[in-house]
Every structure is written in C-alpha cells, then in structure tokens.
Amino acid sequence: MAEYDYDLLVIGAGPGGYVAAIRAAQLGLKTACAEGRETLGGTCLNVGCIPSKAMLHASEYFEAAAGGAMESMGVEVKPKLNLDKMHAQRIDAVGGLTKGIEFLFKKNKVDWLKGYAKFKDAHTVEVNGETKTAKEVVIATGSSVTPLPGVEIDNSKHVVVDSTGALELPKVPKKLVVIGGGVIGLELGSVWRRLGAEVTVVEFLDQLLPGMDMDVRKEAAKIFKKQGMELKLSTKVTGCTVKGKKATLTLEPAAGGDSETLDADCVLVSIGRRPNTEGLGLENIGLETNQRGQIEVDHEFRTSVEGVRAIGDVVPGPMLAHKAEDEGIAVAEWIAGETGIVNHDVIPGVVYTWPEIAGVGLTEEAAKERGAVKVGKFPMMANSRAKTNHEPDGFVKVIADAETDRVLGVWCIASVAGTMIAQAAQAMEFGATSEDIAYTCHAHPTHSEAIKEAAMGVLGKPIHM
C-alpha cells in the first residue's frame, strides 16, 4: 500500500495549478488537482483573461465599423450592437477553453478533486469531506479582487461591480466610472467606451498603469484621452452611495482638499488583486503569510513547511497568468527531480487596449538606478505597416546598459504590442545586446521593424527617422 494517495496534489486549477498538474503527470507523477469551481481554468479562463479578450476583440470590431476606421479605408457600414450575441460569443470562448483543460486532465490522467481543499497537516488535505494525502502539495489558489473600503460591490445589481460583474453588464451604461487606472480597469473601460459609454477613470496616483515605464504611462494617458476617456488622476474615492440604478461617488484630491461628487450608471472597482489564502487552513500547518498576504518561497517554490510549495498569484511577483504557468512547469520539474527554470527578470506584461501596451524587463527609471543606460525610441507613425494600417499611435523603446549594450528593458505601444514583446523577451533571455537586435533581419513591412529601429536608435542610427 502506498504511503500517500498521490505524489503531488495541486490546490487550485487556474493557469499555474492546471499547468503544474499536467506537467507533473507528464513526468510520471501520480497527480491530483483540487478545484471547487464548476469549471477548470481559474479566474483567467472563467472571468479574467479570456472573457475580457473576447469582449475587447468584439468591441474593437464594433468601434472600427462605427467610429470611421473602416470607412476611411473604403468599407462603409452602419453597425448595430447586439450585446446579447456579443456576450454569447464570450461565453462560448470560455466554455471551449475550460472544457479543453478538462480534456487535458483526462488525457494526462490527472484526478480532478471537485471541491475546495483545506490542510489538515502538511501532507493531508480535506476536499468535499474526503481526506486525501500527498507527498508534495502545491498551493496555486490565485487571487481575487481587492475591495475598496466604503464601496460595496454587488454584481447582481449591475451598478457597483468588480471585474467579473463588468464582463456581464446586460446593457451599455450611459456613464461608467472606473476606480483604478491599472490594466484591468483600462481594458474593461475600453470595452464599454467602444460600445457607447462615457468613461471616467479615477486613479489615486499621478499617472496610469503603475509599474510601467514612465514614457509609456504618459503616452497611454494621451491616447486614452484622445479616445474620449476622462482621466481624474491624483484623485481618491472616499465613498459611494447607491440609489436605485444610480451611484454617486465622493472624490477628493489624493493629497487632500475639497471633495466633489460624481454620478454614474455603473462603477467598476478595479484597484488590484490580493492572494487567495483564506480558508486553506494554513494555520493548521504553521504557514504564515507576509505583510502583503503572500506566501514566501525559495527558488524551488518551497515554503517554510516541508512538503508544501506555492506558485502564481499567492507568491511574490507580478500577478500574471503566464508567470504562474511558467512557475507551474518549474515546480513540477523540481518535484520530479529535474531542474525547473523561471527567469523572473524577463516576465512580459501586456495591456490589451487599443493600441496594446507591453513591456518586459526594467523601466528606464529602474535601470538608471543601477547604472548608466542608453535608450533608443522609434515612433510607430514612422513604421510603414502601422502607417499603412492607419495605426500611428505609440512607439518602441529599448533600454540598454551603457557599457555592455545588454538590453535591460523593452517597452512598446502598438496595435500588436503584445505579440511584438515576445521577440524582446526572447532576446533578453539570451542576453542580447541592442546591436544583436539591430542587426537581426526583420521582415518588411511589419510592426516588429519598429523594435529593430529602436534598437538601432540605442547607438544613434535609426534609418526611418
């Protein structure tokens, strides 16, 4: 009789958890994954990355048809919004992908333990009244919306909502206020602006998109203003009252001052996410979280408790699905006796607005704190493909070490920035210099030529400007 039911039990079936489970099974480990949702895939597939992209993509088509972009290219149409049908294609996309994960579990012989797991001891969890044991347990429970004191979310009423509720509004609100100028707020704000809402973004800091390069943050604000978003920066929300189908927010300057009110048909609270660690029974195994509620781990994702590891949004680092997936692969490989590798210095981030915003590595500000740098910038309006496609907004910025020329960071705003950034990430993974990128032949005409030109600009010699 085996000492444990499983070699590995993963708690949570989001991107990090399901990838860890599948990879472990591929490596020959008897694996189970505990998940209490009715479908696999976690926040990302069910109410995050995937459904938001479905709505972003569909709303881009609507705006292109309604806003003149198609007309300027000789395609004249008068679109009519069928919001129910737009929601249906979102739901269909989610359903197809979550069922795909279920298929992969069966294909790789991963047991899906349906229920939420709670530790009894370091090698024993209770799931739906049943006790299961494992030699190793990986916590991959993801994150949830950070609440804002004084603002009560009730998604069912469609007035004050979080990111989940903002995906499911039954009609386009006349006035939408987004609290938080980060990735999620700007993406979902963009969806409803394209479909006809008047959107106001309230951000506590003096610029949008905390953590991104300052040139990108400033340029993004210009672009969103041009698109019709109203931005209230350096502003905090101090209260919210709801009467019927209307909300009234109380605002004041972040630095203090006179308050004002702002009325809305819908308020989206999007001030960040926090790790999901409550209800896991961490106290039963003596595992404490840090001040941010995260679980600290070493380079093999081991916690302070023998036999328990953690990955994804519950550990320090950016809360990104692809970061969690890479950690899922790596933790499975460590447990299987191999070497798992995640380069946390090269984790790209993308904002799927129009245009897209992406970056990898250090911002110019952070790079300068480490030493002298050289920077090359190239505007998309000078890129032949972007210009031909009527996509002039944005730029590419390459930051390199002034002495070694090694690329430290790449930032871009372009219609396909999320795809372009993969080249930069791969170059940095191989320790590329700006010269390496500059002298790599890029296909013409492509948006990616802007990366080559920006890299050439580090040494002061772009061709097309």
Step-by-step side-chain contact (heavy atoms from CB on, under 4.5 Å) determination, I11 to V137
CA-CA 7 Å; I11 303 177; V137 178; 3.8 Å; yes

Do the side chains of [X] and [Y] get close enough for a salt bridge, i.e. N-O under 4.0 angstrom?
{"X": "K323", "Y": "E325", "result": "no"}
{"X": "R193", "Y": "E63", "result": "yes"}
{"X": "K377", "Y": "D215", "result": "yes"}

Working to the nearest 0.5 angstrom, can you tell me the gap between [X] [atom1] and [Y] [atom2]?
{"X": "T363", "Y": "K397", "atom1": "OG1", "atom2": "NZ", "value": "8.0 Å"}
{"X": "L56", "Y": "C49", "atom1": "CG", "atom2": "SG", "value": "11.5 Å"}
{"X": "I399", "Y": "E365", "atom1": "CD1", "atom2": "CD", "value": "7.5 Å"}
{"X": "L282", "Y": "K118", "atom1": "CG", "atom2": "NZ", "value": "10.0 Å"}

Residue pairs passing the salt bridge (charged side-chain N to carboxylate O under 4.0 Å, His left out) test where at least one lies in residues 264-275, sequence neighbours excluded:
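Checked against salt bridge (charged side-chain N to carboxylate O under 4.0 Å, His left out) - neighbours excluded - the pairs reaching residues 264-275 are K246-D265.
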
Report, one line per pair, each donor and acceptor closer than 3.5 Å where one atom sits in a side chain of residues 179-188; sequence neighbours left out.
residue, atom, partner, partner atom, Å
E187, OE1, K53, NZ, 3.2
E187, OE2, Y352, N, 2.7

The criterion is ring pair (Phe, Tyr, Trp, His ring centres under 6.0 Å); which residues satisfy it with [X], sequence neighbours excluded?
{"X": "F204", "answer": "none"}
{"X": "H123", "answer": "Y4"}
{"X": "H299", "answer": "W334"}

Is there side-chain contact between [X] and [Y], with heavy atoms separated by less than 4.5 Å?
{"X": "E356", "Y": "I413", "result": "no"}
{"X": "S59", "Y": "W192", "result": "no"}
{"X": "E369", "Y": "L362", "result": "no"}

Option from L9, D5, T131, T133 for which side-chain contact (heavy atoms from CB on, under 4.5 Å) with V125 holds:
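Among L9, D5, T131, T133, the one that satisfies the side-chain contact (heavy atoms from CB on, under 4.5 Å) with V125 is L9.
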
side-chain contact (heavy atoms from CB on, under 4.5 Å) partner of C33, chosen from Y6, F105, W112
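Exactly one option meets the side-chain contact (heavy atoms from CB on, under 4.5 Å) with C33, and it is F105.
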
Could you tell me if D206 and S234 have a donor-acceptor pair between their side chains, going purely by distance under 3.5 Å?
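No pair is found: no donor N or O on one side chain lies under 3.5 Å from an acceptor on the other.
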
Within the side chain of D326, is there an N or O that forms a donor-acceptor pair under 3.5 Å with the backbone of V342?
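Answer holds: no.
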
Donor-acceptor pair, D162 side chain versus N155 backbone, under 3.5 Å?
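Pair absent, no side-chain N/O of D162 close to backbone of N155.
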
Verdict with reasoning, T200 to L262, per side-chain contact (heavy atoms from CB on, under 4.5 Å):
CA-CA 10 Å; T200 301; L262 185 61; 4.1 Å; yes

By side chain to side chain contact (heavy atoms under 4.5 Å, CB included), which residues pair with S259, not counting sequence neighbours?
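S259 satisfies side chain to side chain contact (heavy atoms under 4.5 Å, CB included) with T250, E252 only.
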
Only counting residues at least two apart or in another chain, list the ones meeting side-chain hydrogen bond (donor to acceptor under 3.5 Å, both in side chains) with [X].
{"X": "D7", "result": "none"}
{"X": "E333", "result": "R23"}
{"X": "E296", "result": "N290"}
{"X": "D154", "result": "S156"}

I'd like to check the salt bridge (charged side-chain N to carboxylate O under 4.0 Å, His left out) partners of K232; sequence neighbours left out, ordered by chain and number.
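Scan of K232 (salt bridge (charged side-chain N to carboxylate O under 4.0 Å, His left out), adjacent residues dropped) gives E230, E260.
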
Donor-acceptor list for residues 36-43 side chains, cut-off 3.5 Å, not counting sequence neighbours:
residue, atom, partner, partner atom, Å
R37, NH2, T43, OG1, 3.4
T39, OG1, N46, OD1, 2.5

Any chance CD of E288 has more than 12 other-residue heavy atoms, nucleotides or ligands included, within less than 6.0 Å?
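No, the 6.0 Å shell around CD holds no more than 12 heavy atoms from other groups.
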
